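Remember, predicted model here, so these are calculated numbers, not experimental data.
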Amino acid sequence: MSDQTTTGPRASRRAALERRTSESTVSVEIDLDGTGKNDIDTSVPFYDHMLTALSKHSLIDMRIRSTGDTHIDVHHTVEDTAIVLGDALRQALGEKAGIRRFGEATVPLDEALAHAVVDISGRPYVVHTGEPEGQQYHLIGGHFTGSMVQHVFESLAHHAGICLHVTLLAGRDPHHIAEAQFKALARALRQAVEPDPRVHGIPSTKGAL
């Protein structure tokens, strides 16, 4: 137990990454032990709104800057931002010693209700269900297509190395449907990455995550 001070959750859990391609430039800085402070500009206003909610309700400090070929479509910029954020989460988690590992939350937003479960397992997997038919075609905020919600979850989870289940239990308004899911993910993620004082070492029977 003496090595907890160097490998456990009290060690720095921050990451700063940058990714440049012909389609986008993304920089992400996060602190898992923050207060939800955020400074986000992805050049996609509704995505900024969703990532701000993700930061605020997960208590993960985030500074995100993204630019890209949004004159073609926002897809590349949105996807690449999720990729870099996922990579940053994986890096900041380190060995994952002393964390709760699992997190779960059900979050309402007016008529919408979303449920999210997170396992910081090291094995990427996403199950996303419950959205009403047609949600994927809605253009939210003039730029963000409803189908991008699932794509963000997939890109984030695969690069962070987490298992993620998100289920929409109810919802009518496309904005509320998307936002409730991001907030549910935020609360589940907050719980999963949180230090658990009763956990010593890595919370897995295999000894690694």
Open item on the list: Looking at D41 and R65, is any side-chain nitrogen of the basic one under 4.0 Å from a carboxylate oxygen of the acidic one?
Closed with: no
Task: Any side-chain donor near an acceptor of the partner, Q150 and E131, under 3.5 Å - done: no
Open item on the list: Any side-chain to backbone donor/acceptor pair from S55 onto T52? Under 3.5 Å, distance only.
Closed with: no
Identify each donor-acceptor pair in which a side-chain atom of residues 185-193 lies under 3.5 Å from a protein atom, sequence neighbours left out, and give them as a table.
from : atom 1 : to   : atom 2 : distance (Å)
Q191 : OE1    : E104 : N      : 3.1

TODO: Dump the intermediate steps for side chain to side chain contact (heavy atoms under 4.5 Å, CB included) on R172 and H176, then the final yes or no.
DONE: CA-CA 8 Å; R172 181 185 64 253; H176 291 172; over 6 Å; no
Open item on the list: Nearest 0.5 angstrom please: Y125 OH to I162 CD1, how far?
Closed with: 14.5 Å
- [ ] Measure from the ring center of F46 to the ring center of H175 and say whether it is less than 6.0 Å.
- [x] yes
Open item on the list: Nearest 0.5 Å, please: how far is CD1 in I64 from CG in L85?
Closed with: 5.0 Å
Task: Exceeds 12 heavy-atom contacts within 6.0 angstrom, atom CZ of R19 - done: yes
Task: Distance-only donor-acceptor check, side chains S66 and T81, under 3.5 Å - done: yes
TODO: Any chance you could measure E18, atom CD, to E29, atom CD, to the nearest 0.5 Å?
DONE: 10.0 Å
Task: Heavy-atom pair with the smallest gap, counting every atom of L93 and R13 - done: CD2-NH1, 4.4 Å
- [ ] Measure across V107 and A184 and return the closest heavy-atom pair with its distance rounded to 0.1 Å.
- [x] CG2-CA, 3.6 Å
TODO: Starting at CD of E154, measure out to CE of M148 and round the result to the nearest 0.5 Å.
DONE: 10.0 Å
Open item on the list: More than 12 heavy atoms of other residues, nucleotides or ligands under 6.0 Å from NE2 of H143: yes or no?
Closed with: no
TODO: Kindly work out whether a path of hydrophobic side-chain contacts (I/L/V/M/F/W/Y, heavy atoms less than 4.5 Å apart) joins L17 to L32.
DONE: yes
TODO: Ignoring hydrogens and angles, tell me if any N or O in the side chain of Q136 forms a donor-acceptor pair with the backbone of G134 under 3.5 Å.
DONE: yes
Task: Minimal non-hydrogen separation, S204 against A208, with atom names - done: OG-O, 3.4 Å
TODO: Examine distances only and state if a side-chain atom of T70 and a backbone atom of D73 form a donor-acceptor pair shorter than 3.5 Å.
DONE: no
TODO: Output the distance between atom CG (N38) and atom OG1 (T35), rounded to the nearest 0.5 Å.
DONE: 9.0 Å
Open item on the list: For the residue pair H115 / T167, report whether a side-chain donor-acceptor contact shorter than 3.5 Å exists.
Closed with: no
TODO: Salt-bridge test for R101 and D119: reply yes if a basic N is under 4.0 Å from a carboxylate O, no otherwise.
DONE: yes
- [ ] Report the relative orientation of the aromatic rings in Y47 and F182; use parallel for angles under 30°, tilted for 30 to 60°, perpendicular for over 60°.
- [x] perpendicular
Task: 4.5 Å side-chain heavy-atom contact, V118 and F102 - done: no
Open item on the list: So, taking the atom named CG in D80 and the one named CZ in R20, what distance separates them when rounded to the nearest 0.5 Å?
Closed with: 13.0 Å
Task: ILVMFWY clustering at 4.5 Å (side-chain atoms), partners of Y137 - done: none
TODO: Step by step, work out the ring-ring contact (aromatic ring centres under 6.0 Å, His included) result for H75 and H151.
DONE: CA-CA 9 Å; H75 185 105; H151 197 47; 4.8 Å; yes
